[in-house]
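Okay, so here's the structure we're looking at.
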Amino acid sequence: MSNRVFVLNPDKSPRMPCIPKRARKMLEAGKAAVWRRYPFTIILKSEAGRQSQPLTLKLDPGSKTTGMALVLEGKTGRQVVWGAELHHRGHAVRDNLTKRRQLRSARRSRKLRHRPARFLNRTRPEGWLPPSLMHRVLTVISWAKRLDRFTMLDSFSMELVSFDTQKMMNPDIQRQDYQKGTLFGTECRAYLMHKWEGKCAYCGRKAEEVEHLVPRSRGGSNRISNLVMSCRKCNNLKDNQTLEEFLKRKPAQLRRIQAQQQASLADTAAVNATNYRLLDELKRFGYPVETGSGAQTSFNRQQQEYDKAHWIDAACVGNSGEQVRVPHLRPLQIKCMGRGNRQMCRTDKYGFPNKHRTRQKVFFGFQTGDICRAIVTTGKKIGAYVGRISVRATGSFALFLGAGKVDGINKRFFQTLQRQDGYSYSF
């Protein structure tokens, strides 16, 4: 089943989303035209009524992926009519900033040793977040604004979960040991579900219980480094064995669990740092904002026996997620790609400049990142292709598909479906 189609009036004011079948009939009858491919939106050729029903955008913010779901409240109850998963590029932003910092530091030490350092002269405004974290907030807000333009939204709902990382590392911590940044009411199970993606650490099936790597009967503690998620069958099989004893005949699986267990808390810290900033930005829309905890989201999903997915978690957020119908949709996969870079010169392996880029971005009406269709009728690459384009001044373009790349297609075979907007899309 596909997501519903967004509908606009001729003056670009939103209407309620319609089912794909109805949109297809209006397009075939000439009553509407395609306004946007992703998310698929049509615009009517004549004014229509503005009847509305309660429509909520529900969010499940994450460090790498944010789930989004539009929930319509009708006569038969709440139902998800549109779902998507937004994949962030915060780690890429961090890596790029690190490379830039290293380059500038090296250049300064080579050429400007006489100049006093100024890196501590700058002041940061109140509420400042690093660019890699602010990117997560801005992309979610950008899509909230986009959906507000295309639909008749009247409320928001988001998961507001905070992990007490100090208490996770030391369960006995209390009072003055916290120093600053104390977060009470730790949701250890919610954190473990997030870390192990809701799967059993041993077999990969659906997780059901919190399990101790070193059993309590053998001196194991409740520290987060000693806890994993497990299904009931594996928990019973492991009994009071240590992890090494239980997996002594499966060394590869043992190393995988140990590596994942020692993973850093960077993603958890990112969620903690951005959630309240995202909440403040959503309140600026002027709509009511509902919040719910991660444990409540997990409980709602398990009670309704839904599969684990980011967009389904978004639908189950808060009190409004206790009874919501989630059909078998194909959620839109949205990946943040950026809008290019400003590097004008590239170097060879020895560091000498050998390639220079032009300041021109548009060639023959196309720009890198546009989603295009290529219908090739001659040559070795005969066929129909759809993907993101990479332009060249020669007129021979490359097309990036989901599974690879087709290079050397002439500009005359291309047709633009949607101009580049910094994202790639798939189902």
Side-chain angles (χ1 to χ4, degrees), residues 1-3 5-6 20-21 23-24 27-28 30 32-43 64-65 83-89 91-93 95-96 99 139 146 329-427:
M1 184 176 178
S2 301
N3 285 330
V5 177
F6 299 149
K21 181 178 180 180
R24 183 171 61 252
L27 291 172
E28 292 174 351
V34 176
W35 176 254
R36 191 178 180 88
R37 298 278 177 171
Y38 303 99
F40 196 78
T41 309
I42 62 174
I43 185 168
K64 297 178 180 178
T65 305
E85 293 182 348
L86 176 61
H87 303 274
H88 303 293
R89 59 189 300 267
H91 294 285
V93 173
D95 294 341
N96 290 338
K99 291 179 182 178
T139 50
R146 185 173 298 186
L329 295 177
R330 289 187 302 167
L332 179 63
Q333 301 295 326
I334 308 167
K335 184 178 180 181
C336 298
M337 302 294 293
R339 297 178 181 269
N341 57 60
R342 294 179 290 181
Q343 183 181 3
M344 301 304 298
C345 178
R346 296 182 180 178
T347 63
D348 58 17
K349 62 181 180 180
Y350 302 106
F352 291 97
N354 62 349
K355 296 179 182 178
H356 296 272
R357 295 172 58 184
T358 177
R359 293 183 180 272
Q360 182 179 348
K361 285 190 173 183
V362 180
F363 294 94
F364 309 101
F366 298 96
Q367 182 177 350
T368 297
D370 290 349
I371 299 176
C372 298
R373 177 190 292 118
I375 302 178
V376 184
T377 56
T378 60
K380 297 180 179 179
K381 301 179 178 66
I382 293 178
Y385 311 94
V386 176
R388 287 167 53 88
I389 194 174
S390 177
V391 302
R392 300 189 185 94
T394 60
S396 178
F397 300 158
L399 196 64
F400 291 89
L401 312 175
K405 180 178 78 169
V406 180
D407 204 351
I409 301 179
N410 192 275
K411 63 181 185 303
R412 70 179 186 273
F413 296 120
F414 285 96
Q415 176 188 1
T416 302
L417 299 180
Q418 182 169 306
R419 296 293 181 186
Q420 73 93 13
D421 58 357
Y423 303 94
S424 68
Y425 305 93
S426 63
F427 287 97

Item to complete: Rounded to the nearest 0.5 Å, what's the gap from NE2 on His87 to OG on Ser424? Could you check?
Response: 8.5 Å

Worksheet item: Which pair of non-hydrogen atoms, one from Ser2 and one from Pro20, has the smallest distance, and what is that distance?
Response: CB-CG, 4.1 Å

Practice prompt. Kindly assign one of parallel, tilted or perpendicular to the pair Phe366 and Phe397, based on the angle between their ring planes and the thresholds 30° and 60°.
Written response: perpendicular

Practice prompt. Applying side-chain contact (heavy atoms from CB on, under 4.5 Å), run through Arg89 and Asn96 and close with a yes or a no.
Written response: CA-CA 11 Å; Arg89 59 189 300 267; Asn96 290 338; 4.1 Å; yes

Fill in: side chain to side chain donor-acceptor pair (under 3.5 Å) partner of Asp370, chosen from Gln420, Arg419, Arg388
Arg419

Item to complete: Would you indicate whether the side-chain heavy atoms of Arg392 and Asp407 approach each other to under 4.5 Å?
Response: yes

Response to the item:
What one should report as the nearest heavy-atom pair of Ile334 and Ala84 is CD1-CB, 4.0 Å

Response to the item:
Output for pair (Thr65 OG1, Leu86 CG), nearest 0.5 Å, gives 8.0 Å

Discussion item. Which residue is it: Thr416, Leu417, Ile409? I am looking for the one with a side chain to side chain contact (heavy atoms under 4.5 Å, CB included) to Cys372.
Written reply: Thr416

Item to complete: Could you check if a side-chain atom of Phe363 sits within less than 4.5 angstrom of a side-chain atom of Thr394, using non-hydrogen atoms only?
Response: no

Item to complete: First locate atom OG1 of Thr378, then atom CZ of Arg412, and finally report the distance between them rounded to the nearest 0.5 Å.
Response: 5.0 Å

Fill in: Side chain proximity check, Phe40 to Leu332, heavy atoms < 4.5 angstrom
no

Worksheet, complete the sentence: When rounded to the nearest 0.5 Å, the distance separating OH of Tyr385 from CZ of Arg373 is 14.0 Å

Worksheet item: Among Lys335, Arg339, Arg146, which one satisfies salt bridge (Lys or Arg N to Asp or Glu O under 4.0 Å) with Asp421?
Response: Arg146

Discussion item. With no hydrogens and no angle check, just 3.5 Å: does a side-chain donor-acceptor pair link Asn354 and Tyr350?
Written reply: no

Discussion item. Surrounding NZ of Lys64 (heavy atoms of other residues, nucleotides or ligands, distance under 6.0 Å), is the total greater than 12?
Written reply: no

Worksheet item: Do Thr347 side-chain atoms and Cys345 backbone N/O form a donor-acceptor pair below 3.5 Å?
Response: no

Discussion item. Could you check whether any side-chain heavy atom of Val406 comes within less than 4.5 Å of a side-chain heavy atom of Lys381, counting everything from C-beta outward?
Written reply: yes

Item to complete: Looking only at non-hydrogen atoms, find the nearest pair between Ala32 and Leu27 and report the distance.
Response: O-CD2, 3.5 Å

Worksheet, complete the sentence: Rounded to the nearest 0.5 angstrom, the CD1-CZ distance for Ile375 and Phe414 is 11.5 Å

Fill in: Expected output: side-chain Thr368 to main-chain Val391 donor-acceptor under 3.5 Å
yes

Fill in: Side chains of Phe6 and Ile42 in contact at under 4.5 Å (non-hydrogen atoms)
no

Worksheet item: Hey, does Tyr425 have a side-chain heavy atom less than 4.5 Å from the side chain of Gln418?
Response: yes

Worksheet item: Does the side-chain contact (heavy atoms from CB on, under 4.5 Å) test come out yes or no for Thr139 and Tyr423, once each step is laid out?
Response: CA-CA 10 Å; Thr139 50; Tyr423 303 94; 4.0 Å; yes

